[in-house]
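See structure below.
Each chain gets a letter, A, B and so on, in the order the sequences are listed, and its residues count up from 1.
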There are 2 protein chains.
Amino acid sequence: MSATDMSDDSTDVSICHHGEFQPRIVDMGRWEPDASGRLRRAALDLYSERGFEQTTVQDIADRAGVTERTFFRYFTDKREVLFDGLHALEDVIVAAVMSAPAEASAKPMKLAMDSLQAATPFFAERYDYAKQRAGVIAANPGLQEREFLKLSSMALGVATALKARGVGDSAADIAGDTAVVVFQQGFQRWIGGSDPDALGRCMREAYDELAALAAQG
Amino acid sequence: MSATDMSDDSTDVSICHHGEFQPRIVDMGRWEPDASGRLRRAALDLYSERGFEQTTVQDIADRAGVTERTFFRYFTDKREVLFDGLHALEDVIVAAVMSAPAEASAKPMKLAMDSLQAATPFFAERYDYAKQRAGVIAANPGLQEREFLKLSSMALGVATALKARGVGDSAADIAGDTAVVVFQQGFQRWIGGSDPDALGRCMREAYDELAALAAQG
DNA sequence: TTGGCCATGTCAGCGACTGACATGAGTGAC
DNA sequence: GTCACTCATGTCAGTCGCTGACATGGCCAA
C-alpha cells in the first residue's frame, strides 16, 4: 500500500494539510515525506478542534495519512507529540550555560537567567504556534503533567550544567529550579500579551519581582 | 460473593496485610472495612516490590481483596493512589496562609515560607512511609509527572490564598511557585537524611540559599 | 416487614500502547 | 541487470487502563 493508494476519506485532507509540497508529480518516494511533522500538525489541530481526550490516536494517524502504529513509532505516547520539540530548547539553554565566560560561575543565578534569554528566538519565530499549543495544554491536566515533567527536565539540565562549571550542588539545583519558575512566569505573561518579541522582557520582569520578594524575608 | 468467601490465593495475604483487625469474629459487615486504605497499602507495596509498570491494577485489587472496578471507584487512575493524600497537605498550608495576622500580607514570600512550616508535622509522623513512597516515585517518570501536577496545585493554592489576602497577582504567583521550589528542595534533603524532624530546617536552609542566590544578580 | 440505600461485584466495551512479522521501494555490489 | 540488504511503513493480535450499565445483598429507617 503506497501513500497514493490510500483511499479512505481523510487522506486527502492529510496530504494537503500543510502548505509545502505542491509539486508532487515527480521525485516522490514510496511515502509522503515528513511523517512526524504531519503527525505533529494533525495532533495539535485535532486537540484544538475537539479537545485532547476526544481525539483518538487513530484520528491523528488518519489525518496524517499513516497508521496508528506509525504514530507510536515517532512518539512514545499521545501526549509526547506536543512536547518532543522541547529537547531542542533545553539543548539551547544548556549550551548557553556551558559557553558563558569563566567568571560567570560566581553568580550562578544570574548565569542561569542570562542563559534563558538564549531561548527567546526559539519562541519568537513560533508565536502563533506557541499560543495555540498553550491553549490546548491549559485545557487538559494530563498535558500539564507532561509539561511540568519537561520543565523539570530543563531545571535538571541547567543544574547539571552549572555543576559541571563548578557551582555547588545545592546552589545549582536551586538556581535551576528558580530559573524554570521565572521561565514559566515569563512565558505566561508573554502568551497572555501580544508582542512576539517580549519574552525576554517578560522573563526579566518576573526575575526582578522574584528577587524583590526573596529579599523581603 | 462476600469478602470471606473469596478463595483465590492472594486473598489471605490481603486480609492480613496490615496489623489491625485481628478480632474479625463478630461485628463484621458485609465487606472488610477500609477498602481504600487496603488499596493504598497494596499499591505502594507492589510498586516497591515489582515497580509501577510491572504492577497491574488487577494485582493491586487482588491483594486488597476487592475487584479492579472498586479500585477505580476510589482512585481516578493507577497513579492517583499514591497522591490523593496530598489534598490534605494543601489544605493545611492554605489554611496557614489564610490564618496569618493581617500585617503578614506585607511580606508575601515570608508568609508563604512560614506557612510551609505548618506542613512539617504532616510528614514527621510518616517518615518511613514518605521514604518508601519517594523511592517509588523517583523510579518512575510517570509518577513524577503526577507529583509535579500536585505540586503545581499546591503553588496555585498558595497563590490564590495570597491574592485573597490582597497580595498582587504576580507577586502571589511568584511567591507560590517559589514556595514550592523550596518545599521540593527541602523535602529531598529531608528524605536523603535520617532525621524525621528535620523537614522544617531543611526548608529553611533551602530558602536561605535561594534568597542568597537571588540577591546576586 | 418492607423498601430504599449504598458499597461492591459483574460484564461488556473502547482506546492506549506493544511485540512480531510482512511488504516493497531505494540503494549499492557484483 | 539482478541480487541482497535496508528501513520506513503496514498488518495483526494481544494486554492493560479505564468506563458505563446493571445486578446483588447486607443494613437501616419507617
Side-chain angles (χ1 to χ4, degrees), chain A residues 1-8 10-11 14-15 24 26-39 42-43 46-47 50-62 64-82 84 140-143 145-146, chain B residues 1-8 10-11 14-15 24 26-39 42-43 46-47 50-62 64-82 84 140-143 145-146:
Chain A
M1 192 188 203
S2 83
T4 46
D5 281 325
M6 296 190 272
S7 51
D8 65 279
S10 61
T11 303
S14 74
I15 289 184
R24 311 194 282 97
V26 194
D27 187 18
M28 222 189 45
R30 183 172 182 190
W31 290 287
E32 202 72 9
D34 193 26
S36 71
R38 264 149 49 220
L39 284 166
L46 285 167
Y47 295 168
R50 327 182 173 166
F52 175 75
E53 288 171 353
Q54 284 63 52
T55 303
T56 70
V57 175
Q58 184 70 61
D59 293 335
I60 301 168
D62 285 349
V66 297
T67 59
E68 195 189 15
R69 192 66 181 87
T70 293
F71 178 95
F72 287 111
R73 286 201 176 94
Y74 283 104
F75 306 103
T76 59
D77 62 53
K78 194 187 167 188
R79 299 170 185 175
E80 192 66 12
V81 67
L82 290 183
D84 75 330
N140 188 280
L143 292 172
E145 283 189 338
R146 181 59 51 85
Chain B
M1 193 189 202
S2 83
T4 47
D5 283 343
M6 297 189 275
S7 50
D8 65 281
S10 61
T11 305
S14 75
I15 289 185
R24 308 195 284 96
V26 194
D27 187 17
M28 223 190 43
R30 185 173 180 188
W31 291 287
E32 202 73 7
D34 194 26
S36 71
R38 266 149 47 219
L39 284 165
L46 284 167
Y47 295 168
R50 325 181 174 166
F52 175 74
E53 287 171 352
Q54 285 62 50
T55 304
T56 69
V57 175
Q58 184 69 63
D59 293 335
I60 301 168
D62 284 349
V66 296
T67 59
E68 195 190 15
R69 192 66 182 83
T70 293
F71 178 96
F72 287 112
R73 285 200 176 95
Y74 283 104
F75 306 103
T76 58
D77 61 53
K78 195 188 167 188
R79 299 171 185 176
E80 193 65 13
V81 67
L82 291 183
D84 74 329
N140 189 280
L143 293 172
E145 283 190 338
R146 181 58 50 85

Among all residues two or more places apart in sequence or in another chain, which pass the side-chain hydrogen bond (donor to acceptor under 3.5 Å, both in side chains) test with A:Thr76?
none
With the threshold set at under 4.0 Å for non-hydrogen atoms, list the residues of residues 67-77 of chain A touching DNA chain D in residue-number order.
A:Thr67, A:Arg69, A:Thr70, A:Arg73, A:Tyr74
Please report the shortest heavy-atom distance between B:Leu39 and B:Ala64, naming the atom on each side.
CD2-CB, 3.6 Å
Whole-Å distance between D:dC12 C1' and A:Gln58 CD?
13 Å
Take atom OH of B:Tyr47 and atom C1' of D:dG17, then tell me their distance rounded to the nearest Å.
11 Å
Candidate nucleotides C:dA25, C:dC17, D:dG17, ranked by approach to the side chain of A:Lys78 - the nearest
C:dC17
Are the side chains of A:Val66 and A:Arg38 in contact, using a 4.5 Å heavy-atom criterion?
yes
Please assess B:Tyr47 against B:Val81 for the test side-chain contact (heavy atoms from CB on, under 4.5 Å), listing each intermediate value before the final yes or no.
CA-CA 11 Å; B:Tyr47 295 168; B:Val81 67; 3.8 Å; yes
Rounding to a whole Å, what distance do you find between B:Arg30:CZ and D:dC28:P?
13 Å
For a quick check of understanding: with a heavy-atom distance under 4.0 Å over all strands, which category does A:Ser36 fall into, base, sugar-phosphate or nothing?
nothing
Tell me: CD of A:Gln54 to P of C:dC14, nearest whole Å?
17 Å
Between P of C:dA16 and CG of A:Leu143, the distance in whole Å
13 Å
What integer distance in Å separates A:Arg79:CZ from D:dG17:C1'?
12 Å
Separation of D:dC16 atom P from B:Arg50 atom CZ, nearest Å, is 11 Å
Listed by chain and number, what are the side-chain hydrogen bond (donor to acceptor under 3.5 Å, both in side chains) partners of A:Glu53, not counting sequence neighbours?
none
Which atom names give the shortest non-hydrogen contact between B:Asp77 and B:Phe72, and what distance separates them?
CA-CE2, 4.1 Å
Closest of D:dG10, C:dA7, C:dA16 to the A:Trp31 side chain is D:dG10
Report the distance from atom CG of A:Leu39 to atom P of C:dC17, rounded to the nearest whole Å.
14 Å
Any side-chain heavy atom of A:Arg79 sitting closer than 4.5 Å to one from A:Phe52?
yes
